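Encoded as structure tokens, the structure appears first; notes follow it.
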Protein chains: 2
Amino acid sequence: MAANRTSKKTACCSDTNPCPLPPDQSAEQLATLAWAIAHPARVRIVRLLISRNTCVCGEIVDEMPLAQSTVSQHLKILKESGLVQGEVDGPRVCYCINPENLSALKALVGSL
Amino acid sequence: MAANRTSKKTACCSDTNPCPLPPDQSAEQLATLAWAIAHPARVRIVRLLISRNTCVCGEIVDEMPLAQSTVSQHLKILKESGLVQGEVDGPRVCYCINPENLSALKALVGSL
DNA sequence: AATGTTTATCGTCGATATACGATAGGCGAC
DNA sequence: GTCGCCTATCGTATATCGACGATAAACATT
């Protein structure tokens, strides 16, 4: 599912016009971001990334009772949602929170 | 990597009980609540229920481009998550937000 | 009692999430 | 170079979602 990110509403406001937020579009954005944390394993991953302010690499697997491939899948979902970004750093990949989208999630939930 | 057990423990509880709420539980609670709004249709339903402060009955179906059975399914999911509660009122069922769990969702997301 | 309205449930379909093991690829260390 | 570590991907199996139509259940009205 994972709400398609190719939603073409665009009928609400023009490019230059502020138009706070088209209801449908913000609904899909919120759904996408909520979907990212709609699994306990991903919640734990997100919290881990936030607590360790620096990027985290393989430690994530050690903290979770899941296979490495499964954790990789969750990380992929988190990356696709935009809540997490990963950067290659030599032999390992370091993940960190995307603060912009985390703020967006907080704002969208907070304004419910 | 199980070397840094000491710094992993955050003070999740401080009262009489020896931590009856392990991090997993709050992760599951957040995942459950996030799952409730992890679909655009459910986001719209939740927003509709919040905007109309009174309970809403069949109007939800009219506002959504979905079949009645599908909307009923989404409402069932929202009820199971605890974010929405429904009360029988004569021949119809009236839904309203469960403010307690909505606050819990906001708090959990906000404290990320 | 019969009817109409409203909501829930059933059955079904396709699509996708979740989990795992096995495998492939990249990079540092020896 | 070869080896070992870390991560991604593939393939697979199971379970669930999301959607619909059709039907059942509960209630007010007639």
Side-chain angles (χ1 to χ4, degrees), chain A residues 1-7 24 27-28 30-46 48-49 52 54-81 83-96, chain B residues 1-3 24 27-28 30-46 48-49 52 54-81 83-96:
Chain A
M1 51 206 73
N4 305 335
R5 35 194 47 253
T6 62
S7 72
D24 271 346
E28 290 203 11
L30 175 51
T32 299
L33 290 173
W35 167 255
I37 56 170
H39 192 281
R42 291 198 291 271
V43 172
R44 291 183 60 182
I45 292 174
V46 169
L48 189 69
L49 292 178
R52 308 243 210 294
T54 62
C55 296
V56 180
C57 312
E59 309 175 34
I60 301 173
V61 177
D62 301 325
E63 300 279 352
M64 312 277 300
L66 294 172
Q68 176 266 327
S69 56
T70 305
V71 174
S72 185
Q73 277 276 20
H74 284 304
L75 284 167
K76 186 180 178 184
I77 291 174
L78 285 169
K79 264 194 296 184
E80 286 175 355
S81 76
L83 203 60
V84 160
Q85 51 197 163
E87 291 173 8
V88 179
D89 175 32
R92 48 189 70 179
V93 177
C94 285
Y95 293 97
C96 50
Chain B
M1 184 57 59
D24 267 349
E28 288 200 16
L30 175 51
T32 298
L33 290 172
W35 167 254
I37 56 170
H39 192 282
R42 291 197 291 270
V43 172
R44 292 183 59 183
I45 291 174
V46 169
L48 188 69
L49 291 179
R52 308 240 212 297
T54 61
C55 297
V56 181
C57 311
E59 308 175 33
I60 301 174
V61 177
D62 301 326
E63 301 279 351
M64 312 280 299
L66 296 171
Q68 177 265 330
S69 56
T70 305
V71 174
S72 185
Q73 278 278 20
H74 284 304
L75 285 168
K76 186 181 178 183
I77 292 174
L78 285 169
K79 265 194 297 182
E80 285 174 357
S81 78
L83 203 61
V84 161
Q85 51 195 166
E87 291 173 10
V88 180
D89 176 33
R92 50 189 69 178
V93 176
C94 285
Y95 292 98
C96 50

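Below, read A as the first sequence line, B as the second, and so on, with proteins coming before strands; counting in each chain starts at 1. Given the structure is predicted, the values throughout are model-derived calculations rather than measurements.
Put simply, the side chain of B/Arg42 gets close to the backbone of B/Trp35: a donor and an acceptor are under 3.5 Å apart.
In this structure, B/Glu80 places its CD atom 8 Å from P of D/dC17, rounding to the nearest Å. Computed from coordinates, the B/Trp35 CH2 to C/dT16 C1' distance equals 10 Å when rounded to whole Å. Atom CD1 in A/Ile60 sits roughly 14 Å away from atom C1' in D/dA8 (whole-Å rounding). Atom CD1 of A/Ile37 and atom C1' of C/dA17 are 17 Å apart (whole Å). Rounded to a whole Å, the CG atom of A/Leu78 is 15 Å from the P atom of D/dT7.
The side chain of B/Ile77 lies closest to D/dG18 when the candidates are C/dA8, D/dG18, D/dT7. Closest to the B/Tyr95 side chain, of the nucleotides D/dC17, C/dA8, D/dT7, is C/dA8.
Checked options B/Val43, B/Leu48, B/Leu49; the residue passing with B/Ile45 is B/Leu49 (criterion: side-chain contact (heavy atoms from CB on, under 4.5 Å)).
Listed in residue order, the members of residues 66-74 of chain A having a heavy atom less than 4.0 Å from DNA chain C are A/Leu66, A/Ala67, A/Ser69, A/Thr70, A/His74.
In this structure the side chain of B/Tyr95 never reaches within 4.5 angstrom of the side chain of B/Glu59, judged on heavy atoms. Side-chain contact between A/His74 and A/Leu66 is present, with at least one heavy-atom pair separated by less than 4.5 Å. The closest side-chain heavy-atom distance from B/Thr32 to B/Ser81 is below 4.5 Å.
When each of B/Lys79 and A/His39 is assigned the nucleotide of DNA chain C bearing its nearest heavy atom, the one mapping closer to the 5' terminus is B/Lys79.
Contact record, B/Gly86 with B/Lys79: N-CD, 4.0 Å, taken as the closest heavy-atom pair.
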